[in-house]
Each structure stands twice: as structure tokens, then as C-alpha cells.
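I have placed the structure first, in the form of C-alpha cells, so that the comments after it can refer back to it.
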Number of protein chains: 2
Amino acid sequence: MELSERKKKVLRSVVDLYIRTAEPVGSKAIAELPDMKYSSATIRNEMAELTSLGYLEQPHTSAGRIPSAAGYRMYVDELMQDYRLSIDETRSINLAIEEKMQRVDRLVEKVAKLVSQATDLPAISAASRQGCPCVKRFDLILAGQGSIILVLMLPNDQVVNKLIKLPVEVSDTDLKLLSAVLNASMTDIPMESFTGELLEKVMRSAGAAASLVPVILDFTQETLKAQTSTNMAIAGRARLLGLPEYRDVDKAQRVLSSIDEEAFSNLPAVMQDANGTKVIVGPENIADELKDTSVVMTKFDIGDGLQGMIGVVGPTRMDYAKVTARLSYFAESLSKMFAKPETPQLPQPPGEEPNESPMTGGT
Amino acid sequence: MELSERKKKVLRSVVDLYIRTAEPVGSKAIAELPDMKYSSATIRNEMAELTSLGYLEQPHTSAGRIPSAAGYRMYVDELMQDYRLSIDETRSINLAIEEKMQRVDRLVEKVAKLVSQATDLPAISAASRQGCPCVKRFDLILAGQGSIILVLMLPNDQVVNKLIKLPVEVSDTDLKLLSAVLNASMTDIPMESFTGELLEKVMRSAGAAASLVPVILDFTQETLKAQTSTNMAIAGRARLLGLPEYRDVDKAQRVLSSIDEEAFSNLPAVMQDANGTKVIVGPENIADELKDTSVVMTKFDIGDGLQGMIGVVGPTRMDYAKVTARLSYFAESLSKMFAKPETPQLPQPPGEEPNESPMTGGT
DNA sequence: CTTAGCACTCGAGGAAACTGAGTGCTAATA
DNA sequence: TATTAGCACTCAGTTTCCTCGAGTGCTAAG
């Protein structure tokens, strides 16, 4: 059933106000809003109906109303008005991003910290590898002292290596042969096929250096597996404690613990299939501890087959409009930065035209 | 001034009891302890003196006493009785450590988590490189497509590399020459000396590939710098919230924030010069937020020139004896594990002989 | 030197009363 | 018919007041 315009307006106002104050909202407060042309009695009737429709709740008889999960969902999906980032906000985000970021794992930590600062909420950031990993090229270098260096070139120019102590004496020629064989048979294929006949074929062709093959392939498998693993960081946990809903220490502890545990380990996966910004409202969360905790997250592109994700964790009563806007802008800026790593070209702050923040509110 | 035996006994009892209950301790409670042979009145007098000596404090007139910072210091340095780990405790620590640990940065995270679990307090873990880093050996590999791979061998068999796009065409012979020059002049010296005449000499001898030298040395410097950087993780922050002293959310927030900020970034450095276990009691902390928060930490050996550190953060009223014992055992186990990485040989659980936990209580 | 006794202090905890924001319902109004 | 004013009622939160008892310091007796 579609809500009347007036009901929508009331619902939106209630959620807006509740987001600002964290206190149950009464009919009078709504009636006194600048562009509300009805008396508190009318609002009262509307609120009563919204309550019976399941969009609002009443903590107890003589208190105002607070949004229910369905109310938030409706708000996020249809009612919420786009938040316009101020020039100051875009500038501070840009400034934050401009700092040099080096290694990927450090980067994830840093991004999480920045997002947390920008939203004043705990933030998650993750980078996970897309697509099936394979080796582009093998190199074997004689390193003296009876050891060799194995160098793997991966797609996207990444290079990984390992020092291998030689179990047997191997000549330079043997190595050349072995690497030729490896490059001929084992490149550009997924690691699942490193088995059976292919393996035997390689062993046969490898000649004197055949005993190295298992060591090499073990390391290769390990490396490729590590490539697919997701790197994830959480920052700014303490910001939760500043919010009125977490004045209750026990509750705060439960939430913080489950943040630190595995609770969010599946978020990057969830994000894979979604596009744009995704909002998970309170009870839609999986974990029980997170009943009145929401998550807003979005993807960005790191390049090199890496998929980035940033998100924030907050009370169900969080300022979705603002958070979504900042998150989207952040993601956009990061994507652009990674697109041209040498001269980071940051997006222009939104000028006169409305700032579109794409959004899907999946369940 | 040396305290009388009886005063020591009273002080120890007060701290012990306060650690257990987190409530001010009265004279009666002390007098009723099994091996206390004096009446509450006598204890009262002793406590009054201990108070005027600065070892105890009184929250208000009609309450019991709590230890002051000086009281804790005294307790940690002289009074505390060694805690004997139970077989169960050693077993669970061993079990935890036995899990495979891969990369160093992951390892640091994992260790922090384990320590936090073992002590039920937030834990810090860090790994930092010891001694001045240098390059053992340079290798340059032609990688096709107008690029080369630079391979640096560091002490302790670590290998790092980078793909370099060639600005100019370079032949295999040129590369051989360049790497010979690099290996002759730039190995086994600290990076501070990569300057002036040495640099010029290399450039002159490098021939056709001279234009590569700056790129190579930039990367080398960066790598060596990264080698000295400390890797640090904190886990189990939420455990703080379970403790009575952090029922006050604002306080908890202040402490957690400063844990997440830079507050502990200097701990690894502090640990460098200390040996054994170090206890920093509340007000000895640098940061103001950490006034009634203590830190216990100890070192362990990762090998490969890496120095490990583990520590826990807790209220000044923490069970120093227990924490210190567990931490020491943990450190010992880790050291042994890294000493023989393939077949981790864990220390035997302490048998009949007293379990010595070396300890220095520096200021 | 130790201990029993005692008057005193003062925070914690609980009951009772008060306050006021907010409600639902009814009747008047446009 | 839709809106609004008015009113009695509800109930969480706050304040006030009181009691209770753990703990103290001091004095005098053992």
C-alpha cells in the first residue's frame, strides 16, 4: 500500500528528528516544524496510523514515537533527501586521500581510519582480489650458496618471490630448462588444475631439476591462495561509545566484540554482488548482537584486479543521508585516485548540479 | 624507608583484595583473612600509616582504602607473589600458538588476539626490526616488454623485488655490468651512506644502464626504511568494557580512543632498552587519558633480526601476578617456536620447581 | 603494643512524591 | 468530511528524603 503524501512527510520528519535527537519524537515537535501546516492533533492521528502500519513504535504509552526497522527501511529507500556535501567536506576528504598510500594492507588500515574520521563512526575497509588468480611467468635465479630465488609474476605486474635452498646440486642449464617447462605449461591457468597428468608431464620434462617442482608448486599455490584472501581493517571503534544508544556499557561491549570477531567477515562478499551503496538496517543484520546497529557500505575500484570496500557501522538511528553521501564521495575519490596512481586526479566537489549518490537499498 | 614486615603484609593484602573485588578494602576484611593474626583495630592503625606514607588512598572518609599508584608500584616491584600457571593454562597457550602463522603482519595480529584471549584484556603485539638494515645482494632480471625485475636480498634470507619499466633500452650485458657494480659497492652498508662520492662512483661505473641507478636506489631506500618500520596490532579492545572501572562510558571512550590513536606507538621503542617484563603503572603513563590504566609488556625473539613485543592494557587494578606470568610464558613459547620454526618445540609447563618469571619494574 | 568499644561520617540504596511530555478520545469547528 | 481544540489520563524520569551499615579515628583498658 502506498502511503499518502502527508504520511510520508510525517514519517520523514519523525525519522529526521529522531536521527538528530535520539529521543522519541512527539506529535507536538512535528507540528512545530517550519513547513508543517497541521496541528498536533492531526499529526497525532497520522502517527497513530503509521504506528499501526508498522513504521513507528512506541517505547511506552506516554512517550513519543521512534522509527521501527520498517520505518528506517522506508526512509532509506524512498524518503531520505540527498545530502549535499559542503565544499569543506569534499575538501577535507580530498586532503585526507591525497596522502601517499603504500602497501595494500597498510592502505586498508589507512582508508578505514579516514572513513571513520569523515563520518565520526567506526569504519570498515577491505580489499579483495577479483577473478581467478594465475601465474603469468616463472623465473628461477641461481643465488649462489646452493640456493635459488623463485620469482612469480602475477597478472597486474605484481611480483612475489622466495628463496629456496637446493636439496640437490642443480646447474644453470637445468634451471633454464625447468623455467622454460614451467612457463610453457603452468602459466595462465588456475591453480586448481595443478594436478594429475599436467603435474606428471612437468615432472617428466623437468629433467635434473625435477626435485624442485614440488617445492615450487607448493609455494605457488600458497601465493595464489594468499592473493585471493581478503584484507580488512576496522578503525574508530571508540566512536560508538560517544553515541547515546551505547551508553549501556554491556550493549556497547557486545557490539564491539562482535565487530572484532567475525561478524563482518562476510561483508566484502555481500558487497561483491551489490552495486552502488548498500544499507543494512538493524534487524536485517545477521548477528543477534547487532540488532539495532546498521551498516552502510559501498565499493570502489583499486585496479590491479583488486576490489575495495568501505563502510561504516553505526546505530540504526544514524544519519543515513549524510553517511551515504560521504561514503559515496569517498569511494568515488578513491577510485579516481587509483585509476591514475601517479597524479591523483580527485573528483571536483559538486558544484551547482545536484550531487547524485547512487543507491540501492537491498534487503 | 623500608616498611615493616607487617605493613608489607597489610599492603599486599589490600592490593590483592582490591584486585579481586574492585571495591575499597576495609580493615575488617583484612583482619578476617586466614593468616592475619591481628585485630581490625591494629590493621586500622597500620592502614592509617600506610595512607599517610602515600601507599593507600581513601575515596571518602567512611570508605575503605584503595592502593595509590605508589602502592601498586611497591606491590609490583616487591610484594607480589609469583603466580603459578596451571597445566590448563600452559596447555591452552601452547595450543593457541601451535596454529600455523604465516606472514609477519598477519602474525602480529594473530598474536595480539591470542594474548588478549589468554589474559582477558586488550593486548598489543608488535614486531620491529633490529639493527641497521642493508642489502646483501642485488639482482637484475630482464623481464621482457622493456622492463626488468629488481631483486634485493636482505640479511636473513628475505627477498624483495620490484618491476621497473625501462626508460631506455638496456641490453643483458649492461644489466650484468650494473648488478656487478651494485654488488661490489652497495652491499652490506647502511643506507645512510648511499650518497655523494659513492653514488657518483656507481653512476660512473654503471655505463649504459646508469639511468636506472636512481630508480633502483630509491626503491632500495624505501625498502630498507620499510624494514625498520614497526608492525603493530591491538586486539580485544572490547574486553575493557567488561571491567567495573570502565562502566563510565566516557572514560572508556577516552581510553579506547587513545589506544587507537598514537598512544602506544612508542611502546616497542620503550621495550627495546628494557629486558624481561616491564610494568607501567597508571600515572607513570605518558598520556593523560591513561591515568588509571596500566600496561604490562615483554619481549620475545622472532629471529631474522625481528624483535617481538607483547603486552596488555588494563586497569591499574589488574592482576599483575597472573598477567605477568601468562605474558612471560607466552613470550617464552613464541621465542622457542621461532627458534625452530619447522617443529615448534614448546616449553614444558612448569613442573614442581617454582616457575620463575623474570621481571624488572623500571619506572 | 594490642585490642575492645564507641561515637561519628557519609555514600549507597530505596520509597514516595512530583513533574511534565505525550497520548487517545470527544466534541466543536471550518 | 477533515481538522482542530480541549481534556483526562498515563507513566518514565527526577528529585527529595530517609534509613542503613560499613568503615573510621580515637580513647581507654588489657
Side-chain angles (χ1 to χ4, degrees), chain A residues 3-11 13-18 20-68 71 244-245 247-249 251, chain B residues 3-11 13-18 20-33 35-68 71 244-245 247-249:
Chain A
L3 294 180
S4 75
E5 271 314 307
R6 194 169 67 185
K7 278 205 180 51
K8 283 187 183 173
K9 193 165 178 182
V10 171
L11 179 51
S13 305
V14 170
V15 180
D16 277 339
L17 216 58
Y18 184 64
R20 265 226 315 281
T21 63
E23 307 254 296
V25 179
S27 53
K28 198 158 149 237
I30 299 294
E32 279 167 356
L33 289 177
D35 63 341
M36 189 59 66
K37 289 185 290 293
Y38 300 95
S39 75
S40 70
T42 311
I43 306 293
R44 213 143 51 227
N45 290 330
E46 292 289 42
M47 284 169 78
E49 286 185 54
L50 283 168
T51 304
S52 67
L53 286 171
Y55 292 112
L56 293 179
E57 286 174 354
Q58 225 173 350
H60 56 264
T61 354
S62 77
R65 305 299 213 285
I66 62 175
S68 70
E245 22 271 290
R247 302 303 301 184
D248 178 5
V249 184
K251 192 170 151 193
Chain B
L3 293 179
S4 74
E5 271 314 307
R6 194 169 68 187
K7 279 206 178 53
K8 282 188 183 173
K9 193 165 179 181
V10 170
L11 179 51
S13 304
V14 170
V15 179
D16 277 339
L17 216 59
Y18 184 64
R20 265 225 319 279
T21 63
E23 308 253 297
V25 179
S27 54
K28 200 160 146 236
I30 298 295
E32 278 165 358
L33 288 177
D35 64 340
M36 188 63 63
K37 290 185 287 293
Y38 299 94
S39 75
S40 69
T42 311
I43 307 292
R44 213 145 49 227
N45 290 331
E46 292 289 42
M47 284 169 79
E49 285 185 54
L50 283 168
T51 305
S52 68
L53 286 171
Y55 293 112
L56 294 177
E57 286 173 356
Q58 224 172 349
H60 55 264
T61 355
S62 78
R65 307 299 214 283
I66 63 175
S68 69
E245 23 270 291
R247 302 304 300 183
D248 177 5
V249 184

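First the proteins, then the strands, lettered A, B, ... as listed; each starts at 1. Any value given below was found using the heavy atoms of this structure, including those in side chains, with hydrogens, waters and symmetry copies removed. Since the model is a prediction, treat every value here as computed from it, not as a measurement.
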Problem - Pairwise distance NZ(B/Lys8) to CD(B/Glu5) - rounded to 0.5 angstrom - result: 5.0 Å

Problem - Which residues share a side chain to side chain donor-acceptor pair (under 3.5 Å) with B/Ser62, sequence neighbours left out - result: none

Fill in the blank from the handout: Between B/Gly64 and A/Arg6, the residue closer to the 5' end of DNA chain D by nearest nucleotide is A/Arg6

Practice task
State which residues pass salt bridge (charged side-chain N to carboxylate O under 4.0 Å, His left out) with A/Glu49; sequence neighbours excluded, sorted by chain then number.
Solution key: A/Lys7

Handout entry: Sequence-distant partners of B/Lys9, side chain to side chain donor-acceptor pair (under 3.5 Å), two or more places apart
Key = none

Exercise for the section: Output all residues satisfying side chain to side chain contact (heavy atoms under 4.5 Å, CB included) with A/Ala48, sequence neighbours left out; order by chain, then residue number. Expected result: A/Arg65

Fill in the blank from the handout: Contacts of A/Thr61 meeting side chain to side chain donor-acceptor pair (under 3.5 Å) (sequence neighbours excluded), chain-then-number -> none

Handout entry: Rounded interatomic separation in angstrom, taking CD1 from B/Ile43 and C1' from C/dT2
Key = 11 Å

Handout entry: B/Arg44 CZ to C/dC1 C1', straight-line distance once rounded to whole Å
Key = 16 Å

Practice task
For residues B/Val10 and B/Tyr38, determine if any side-chain heavy atom of one lies less than 4.5 Å from a side-chain heavy atom of the other.
Solution key: no

Problem - Counterpart residues, side chain to side chain contact (heavy atoms under 4.5 Å, CB included), relative to A/Glu32 (two or more places apart) - result: A/Lys28

Practice task
Write down the distance between NZ (B/Lys28) and P (C/dA4), rounded to a whole number of angstrom.
Solution key: 13 Å

Fill in the blank from the handout: CG of A/Asn45 to OG of A/Ser39, rounded to nearest 0.5 Å, is 8.5 Å

Handout entry: Heavy-atom side-chain proximity of A/Ile30 to A/Glu46 below 4.5 angstrom
Key = no

Practice task
With sequence neighbours left out, write down each residue that passes side chain to side chain contact (heavy atoms under 4.5 Å, CB included) with A/Asp248, or none if nothing qualifies.
Solution key: A/Asp250, A/Lys251

Handout entry: Outermost DNA chain D nucleotides near chain A [under 4.0 Å, heavy atoms]
Key = D/dT3 to D/dA12

Practice task
Enter the distance from A/Met47:CE to A/Ser13:OG here, rounded to the nearest 0.5 Å.
Solution key: 10.0 Å

Practice task
Kindly state which residues belonging to residues 31-42 of chain A come within less than 4.0 angstrom of DNA chain D, counting heavy atoms of the residue only, listed by number.
Solution key: A/Lys37, A/Tyr38, A/Ser39, A/Ala41, A/Thr42

Set out, line by line, the N/O atom pairs under 3.5 Å between protein and nucleotides 26-29 of chain C.
none

Practice task
Please list, chain by chain and in numerical order, all residues satisfying side chain to side chain donor-acceptor pair (under 3.5 Å) with A/Arg20, sequence neighbours excluded.
Solution key: none

Between protein and nucleotides 12-16 of chain C, what N or O pairs are separated by less than 3.5 Å?
none

